[in-house]
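Remember, it's a predicted structure, so these values are computed and weren't measured experimentally. Residue numbers start from 1 in every chain, and the chains themselves are labelled A, B, ... in the order their sequence lines are given, proteins ahead of strands.
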There are 2 protein chains.
Amino acid sequence: MDKAQLKKAGLKVTLPRIKILNILEASDENHLSAEDIYKSLLLNSEQIGLATVYRVLTQFEAAGIVNRHHFDGGQSLFELNRGGHHDHLVCVECGKIVEFVEEIIEERQKSVALEHGFTLVHHSLTIYGICPDCQP
Amino acid sequence: MDKAQLKKAGLKVTLPRIKILNILEASDENHLSAEDIYKSLLLNSEQIGLATVYRVLTQFEAAGIVNRHHFDGGQSLFELNRGGHHDHLVCVECGKIVEFVEEIIEERQKSVALEHGFTLVHHSLTIYGICPDCQP
DNA sequence: ATGTATGCAAAACATTTGCACCTGG
DNA sequence: CCAGGTGCAAATGTTTTGCATACAT
């Protein structure tokens, strides 16, 4: 249940937060921009400002409820954190996003950080390509 | 010689382009923002607008002369393309950037793209961590 | 000469913030 | 009740664009 998730993060259970969480959960596309979410709220006739969407998403990010990605092209995309870490394959033609997990790459990244004396915080791997549907 | 590089890209050899190329080559920091370059030009008392810096960098990117990176935090960083592909390790404390090459990771990325039927275009791997100097 | 480039100012975006009002616990 | 949350509008930071002028070939 969503409300517990919010409380655990020390956030009051407010209508905007619940609505936004619902949209993230219900969307068939896992990666949404703040604008996408805002439009979605408008469609549902919700009276929520874009600024609030950004504020809520930023708080959700800090609470580990969502992850923020900066793929090529201006805006950030937000994805519900469903637990398992994964990286992304993005189609440069149609924008489709495919998630993948590659244990070997994860391992090697840890080694690289270690070799350079870095304490690993997080990482971002995005492969850009042309998906099967956009192939000539 | 720089001029040949510009001509080869179909770009006229103009003063702003040469100056910007010089700054990229001369800087001891390989990764500069448009603003960094602009400030650098001002220090050298060059009369070049920020808009021109952006236009030139965008053209350089299209010509393969520089690479553009979107690390965490607003602006883009530009790096002279010296040939060898590499990925980046970024310190979240001080912003230091270390380049690295990891053949195994490169290989696995190709496999991942292939397995999903994607034609690989390019990729971006950034590891964020805390560098030795910023370690507590 | 002539098509490109440039400078400047203004526009366009994505995101953040100030502030008065509202609301959840 | 009251700290925290929200809406709106205005501010911000970065990058792009329109347009008249200047320059490379």
Which class fits the ring pair B/His86 and B/His31: parallel under 30°, tilted 30 to 60°, perpendicular over 60°?
-> perpendicular
Given atom CD of A/Glu35 and atom P of C/dC13, what is their separation to the nearest angstrom?
-> 11 Å
5' priority, DNA chain D, between B/Lys7 and B/Gln75 [closest heavy atom] | B/Gln75
Any side-chain heavy atom of A/Leu80 sitting closer than 4.5 Å to one from A/Ile65?
-> yes
Heavy-atom donor-acceptor pair, A/Arg17 side chain to A/Val56 backbone, under 3.5 Å = no
Do any N or O atoms from the side chain of B/Glu93 and from the backbone of B/Cys131 form a donor-acceptor pair under 3.5 angstrom?
-> no
Could you tell me whether a side-chain N or O of A/Asp36 sits under 3.5 Å from a main-chain N or O of A/Ser33, the two making a donor and an acceptor?
-> yes
Report yes if the side chains of A/Tyr128 and A/Val90 come closer than 4.5 Å at any heavy-atom pair, otherwise no.
-> yes
Taking A/Thr58 for the side chain and A/Tyr54 for the main chain, is one N or O donor matched with an acceptor at less than 3.5 Å?
-> yes
Could you check which residues of residues 44-64 of chain B get a heavy atom under 4.0 Å from DNA chain C? Sort them by number, please.
-> B/Gln47, B/Ile48, B/Gly49, B/Ala51, B/Thr52, B/Arg55, B/Val56
What is the distance, rounded to the nearest whole Å, between atom CG of B/Leu41 and atom P of C/dC8?
-> 12 Å
Bounded by its outermost nucleotides with an atom under 4.0 Å from a heavy atom of chain B, the footprint on DNA chain D reads D/dT14 to D/dT25
Between its two end axes (five pairs each) the helix from C/dA1-D/dT25 to C/dG25-D/dC1 turns, nearest 10 degrees, through 30°
In terms of the nearest nucleotide of DNA chain C, which residue is placed more toward the 5' end: A/Leu15 or B/Leu11?
-> B/Leu11
Answer with yes or no after comparing the ring centroid distance for A/His85 and A/His122 against a 6.0 Å cut-off, counting only values under it.
-> no
Give B/Ser76 one of three labels, base, sugar-phosphate or nothing, depending on what nucleic acid heavy atoms sit under 4.0 Å from its own.
-> sugar-phosphate
Which sits closer to the 5' end of DNA chain D, B/Val13 or B/Gly74, going by the nucleotide each is nearest to?
-> B/Gly74
Heavy atoms, side chains only, cut-off 4.5 Å: are B/Asn30 and B/Arg82 in contact?
-> yes
Please answer whether the main-chain N or O of A/Pro16 pairs with a side-chain N or O of A/Glu46 as donor and acceptor at a distance below 3.5 Å.
-> no
Nearest whole angstrom, please: distance from the P of C/dT6 to the CG of B/Leu6.
-> 10 Å
Taking only the side-chain nitrogens and oxygens of B/Thr14, find out if one of them lies under 4.0 Å from OP1 or OP2 of C/dT6.
-> yes
Parallel, tilted or perpendicular for A/Phe100 and B/His116, by the 30°/60° rule?
-> tilted
